[in-house]
Amino acid sequence: MLNRCGHNDLALDMDEFWVFGYGSLMWNPGFSHVEKSEALIFGYRRSLCVHSWVHRGTEASPGLVLGLDRGGSCRGMAFRVAAAEWDEVLTYLRERELVTHVYLEKTLAIRLGDGRRVTAVAYIVDRDHRQYAGGLDAIEAAHIVESAVGQSGPNDAYVFNTLAHLREMGIRDQWLEQVAGEIERMREAS
């Protein structure tokens with residue numbers, strides 16, 4: 001169904017097209033944008049809650065990657081896309097984020113760094129998907145991450161790289177820092 005701007009998707013049935021990133025989309029969006037802003041989303045938090053069977057683990061020995069899970073809030077980045085590129089960017093995002101359908105595409109309210117409230121496309125974890133890891137504590141997550149390896153390399157490198165990028169952006173994620181701290185303690189103990 002076409003919306004009033006001629007685009008064929010409900011996710012684009014808005015005056016502006018914003019994308020909310022909470023993980024690698026923040027520092028590597030992979031699409032052009034006309035505006036970028038720090039953003040805050042309420043009701044969801046960044047979490048290592050998705051079993052990775054390809055990039056950071058295998059189906060027999062899964063790793064963990066980030067998902068936007070229910071509860072709390074999350075600081076991330078929002079990107080505004082030019083109207084002429086809405087369809088192209090949405091196609092790209094779906095190819096990137098919906099490979100195994102562990103994420104659900106949603107339009108959610110976010111607050112930009114300057115206080116504006118806008119609607120953005122965001123990808124949240126599907127708690128009913130078999131790759132959903134559930135509510136792990138930092139120690140459980142660290143044990144999984146410390147030993148998992150996938151096609152894109154070791155899972156612990158993913159966690160430490162994510163934390164480094166978050167710190168560069170001035171974003172603290174205490175739970176992710178706890179997971180990294182537990183991994184470091186396990187290394188020291190062995």
[X] and [Y]: same hydrophobic cluster, using ILVMFWY side-chain contacts below 4.5 Å?
X     : Y      : result
Trp53 : Val125 : no
Val99 : Val19  : no
Val54 : Val149 : no
Trp27 : Leu176 : yes

Any sub-3.5 Å donor-acceptor pair from [X]'s side-chain atoms to [Y]'s backbone N or O?
X      : Y      : value
Arg46  : Arg75  : yes
Trp18  : Val121 : no
Asp126 : Val102 : no
Tyr158 : Leu66  : yes
His33  : Glu35  : no
His143 : Ile183 : no
Ser37  : Gly113 : yes
Arg167 : Arg172 : no
Ser61  : Thr58  : no

Margin query: Working note: Val118 + Glu16, criterion side chain to side chain contact (heavy atoms under 4.5 Å, CB included); need CA distance, chi angles, decisive distance, verdict.
Written below: CA-CA 8 Å; Val118 300; Glu16 295 181 319; 4.3 Å; yes
Spacing of [atom1] belonging to [X] relative to [atom2] belonging to [Y], to within rounding of 0.5 Å:
X      : Y      : atom1 : atom2 : answer
His51  : Gln131 : NE2   : CD    : 8.5 Å
His165 : Asn161 : NE2   : CG    : 4.0 Å
Phe79  : Leu93  : CZ    : CG    : 10.5 Å
Thr100 : His129 : OG1   : NE2   : 4.5 Å
Arg185 : Glu182 : CZ    : CD    : 4.0 Å
Thr91  : Trp86  : OG1   : CH2   : 14.0 Å

Next item on the list: Could you go through the side chain to side chain contact (heavy atoms under 4.5 Å, CB included) check for Ser73 and Leu40 one step at a time?
Entry: CA-CA 7 Å; Ser73 63; Leu40 184 63; 4.2 Å; yes
Notebook entry, point to check: Step by step, would you call Leu64 with Ser52 a side chain to side chain contact (heavy atoms under 4.5 Å, CB included)?
Noted result: CA-CA 5 Å; Leu64 290 172; Ser52 176; over 6 Å; no
Between [X] and [Y], what is the shortest heavy-atom contact and its length?
X      : Y      : result
Arg56  : Ala157 : NH1-CB, 4.4 Å
Trp175 : Ala138 : NE1-N, 3.8 Å
Asn155 : Gly63  : OD1-CA, 3.0 Å
Ala82  : Val34  : CB-CG1, 3.9 Å
Tyr103 : Leu98  : O-CD2, 3.2 Å
Cys49  : Gly67  : SG-CA, 3.8 Å

Note to self: For a side chain to side chain contact (heavy atoms under 4.5 Å, CB included) check, start with the C-alpha distance between Leu136 and Ile144, then their side-chain angles and the critical distance, and finish with the verdict.
What the structure shows: CA-CA 10 Å; Leu136 302 171; Ile144 293 169; 3.9 Å; yes
Notebook entry, point to check: If you measure only the distance, is there a donor-acceptor pair under 3.5 Å linking the side chains of Arg127 and Tyr132?
Noted result: yes
Margin query: With no hydrogens and no angle check, just 3.5 Å: does a side-chain donor-acceptor pair link Arg96 and Ser24?
Written below: yes
Notebook entry, point to check: Who are the side chain to side chain donor-acceptor pair (under 3.5 Å) partners of Tyr123, not counting sequence neighbours?
Noted result: Glu105
Do the non-hydrogen side-chain atoms of [X] and [Y] ever get within less than 4.5 Å of each other?
X      : Y      : result
Leu112 : Glu38  : no
Met77  : Met169 : yes
Tyr44  : Asp69  : no

Next item on the list: Name all pairs fulfilling the salt bridge (charged side-chain N to carboxylate O under 4.0 Å, His left out) condition that reach into residues 129-150, sequence neighbours left out, sorted by first residue then second.
Entry: Glu59-Arg130
Note to self: Using the side chain to side chain contact (heavy atoms under 4.5 Å, CB included) definition, which of the options Ile124, Ile110, Thr107, Leu25 pairs with Phe20?
What the structure shows: Ile110
